[in-house]
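Here the structure is laid out as structure tokens; the discussion comes afterwards.
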Amino acid sequence: MAATLIDGKALAAKLKGEVRARAEALPRKPGLAVVLVGDDPASRVYVTSKRKDCEECGFYSEEYALPAETTQKELLDLVAGLNGREEIDGILVQLPLPGGLDEREVLLAIDPAKDVDCFHPYNVGQLTIGAPVFQPCTPGGVMEMLRAYGVDPAGKRCVVLGRSNIVGKPMALLLLHAHGTVAVCHSRTPDLKELAASADILVSAVGKAGLVTADMVKEGAVVIDVAMNRNEAGRLCGDVRFEEAAERAAYITPVPGGVGPMTRAMLMKNTLTAAMLHQGVR
Ligand code: NAP
């Protein structure tokens, strides 16, 4: 392997340590409420890991595990209650919600000052104009990784595969604000291979194992694999064919141990930011 491995696990541990130190200096502990509706096993795992992250960072946390039959009104009432509670700085509603619940309405109901996932249109707007209150967790984690390894997107050709509201679009915005020249590819992009192969920084967030082959990686590129897929053997993998891409890239993220841990750490950072705002600490 020629590429340098970007160690998301180590960076996330460092970031959480910094968050903890800053949280300890606050008059009141940051507080995060996590709401899970239904019994999706993957979501349950995410919620458990968020509780552990809160413990590691010295935060106060609450968990609400609601049945799949929860009504829209019950969920909105819970969010309204959390909005009004002083000890809760961040509210996270685990997505996807079970069918029948209106995700957009629920996300809109969260107080933007407690929207630590950065999904509320107010925060998306702030992000778009380059004045974000919170960093979108996954793309924000990617930017931290680039910074930590001395990769400056300024003047670089950046190609993002995927255009979701959670990853692709905010990723493109952050790279653009960092003065990259950004192309966003999706399922209707005809020349995806050529575009990917032209990238100095290639970020893949599609969700298709094996999509990114060595010929799509420019010699010396930085390759960030956001995806979390299962291969035929049931093992966690990204979009990128890691072994072959690592022969051409200068830097590459592993899956697991890359973007995933950084996403979690950024949620803690955003909760700290919310707590500082709520306590008037700069
Ligand atoms: P998503 O909402 O399903 O979006 C996938 C995107 O990929 C869409 O924009 C889609 O295009 C595009 N796409 C699908 N097939 C394609 C193809 N053959 N060629 C090019 N583009 C294609 O997924 P997401 O929520 O953004 O997540 C993407 C991946 O990242 C998933 O594996 C997810 O598990 C992972 N993820 C990881 C983290 C982390 O912390 N590491 C966080 C979030 C997500 P259209 O828009 O045209 O449909």
Side-chain angles (χ1 to χ4, degrees), residues 5-9 11-13 15-16 34 40-50 52-53 92-97 103-104 107 116-119 124 127 134-146 158-175 182-199 202-213 215-217 223-231 234-242 252-270:
L5 200 69
I6 298 182
D7 188 346
K9 221 170 148 183
L11 276 180
L15 181 57
K16 282 192 277 184
V34 179
D40 177 55
S43 294
R44 177 112 293 285
V45 171
Y46 293 141
V47 169
T48 306
S49 54
K50 280 162 192 162
K52 283 195 197 137
D53 290 335
L92 184 146
V93 177
Q94 188 66 49
L95 302 180
L97 290 172
E103 244 168 53
R104 279 165 62 111
L107 295 181
V116 286
D117 249 342
C118 197
F119 290 164
V124 176
L127 172 69
F134 301 114
Q135 293 286 322
C137 295
T138 301
V142 171
M143 296 306 284
E144 292 278 343
M145 291 170 121
L146 296 180
C158 309
V159 176
V160 180
L161 309 182
R163 59 171 166 179
S164 72
N165 290 333
I166 295 176
V167 189
K169 277 184 215 162
M171 186 74 254
L173 279 169
L174 290 183
L175 289 166
V182 186
V184 184
C185 303
H186 46 80
S187 64
R188 313 273 181 98
T189 305
D191 50 351
L192 181 123
K193 267 184 181 283
E194 292 75 10
L195 278 163
S198 73
L202 177 64
V203 181
S204 191
V206 170
K208 284 195 168 33
L211 177 85
V212 179
T213 47
D215 57 336
M216 292 165 69
V217 175
V223 178
I224 307 286
D225 196 349
V226 174
M228 290 194 292
N229 312 306
R230 296 269 166 200
N231 64 15
R235 288 189 52 199
L236 200 60
C237 66
D239 289 340
V240 179
R241 295 194 193 188
F242 181 84
I252 191 164
T253 59
V255 180
V259 178
M262 284 305 287
T263 298
R264 286 169 49 186
M266 288 303 288
L267 176 69
M268 297 299 109
K269 191 178 177 190
N270 281 345

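Since we're looking at a predicted model, the values are computed, not measured. Worth knowing before you read on, the calculation uses all heavy atoms, side chains too, and leaves out hydrogens, waters and symmetry mates. Remember, it's 1-based here, ligands and their atoms both numbered in the order they're listed.
Listed for the S164 side chain is a donor-acceptor partner under 3.5 Å among the backbone atoms of V167. Remark: side-chain polar atoms of S204 are not paired, donor with acceptor, to backbone N or O of D239 under 3.5 angstrom.
In this structure, CG in L127 is found 7.5 Å from CD in Q135, a value given to the nearest 0.5 Å. Rounded to the nearest 0.5 Å, atoms CG (L267) and CE (M262) are 12.5 Å apart. Summarising the geometry, atom CG belonging to L11 is positioned 8.5 Å from atom CD1 belonging to I6; distances are rounded to the nearest 0.5 Å.
Checked for salt-bridge contact, D53 and R264 meet the test: a charged N lies under 4.0 Å from a carboxylate O.
Within 4.0 Å of ligand 1, contacts by protein heavy atoms are made from T138, G162, R163, S164, V167, H186, S187, L192, A205, V206, G207, K208, V226, A227, M228, N229, V259, G260, T263.
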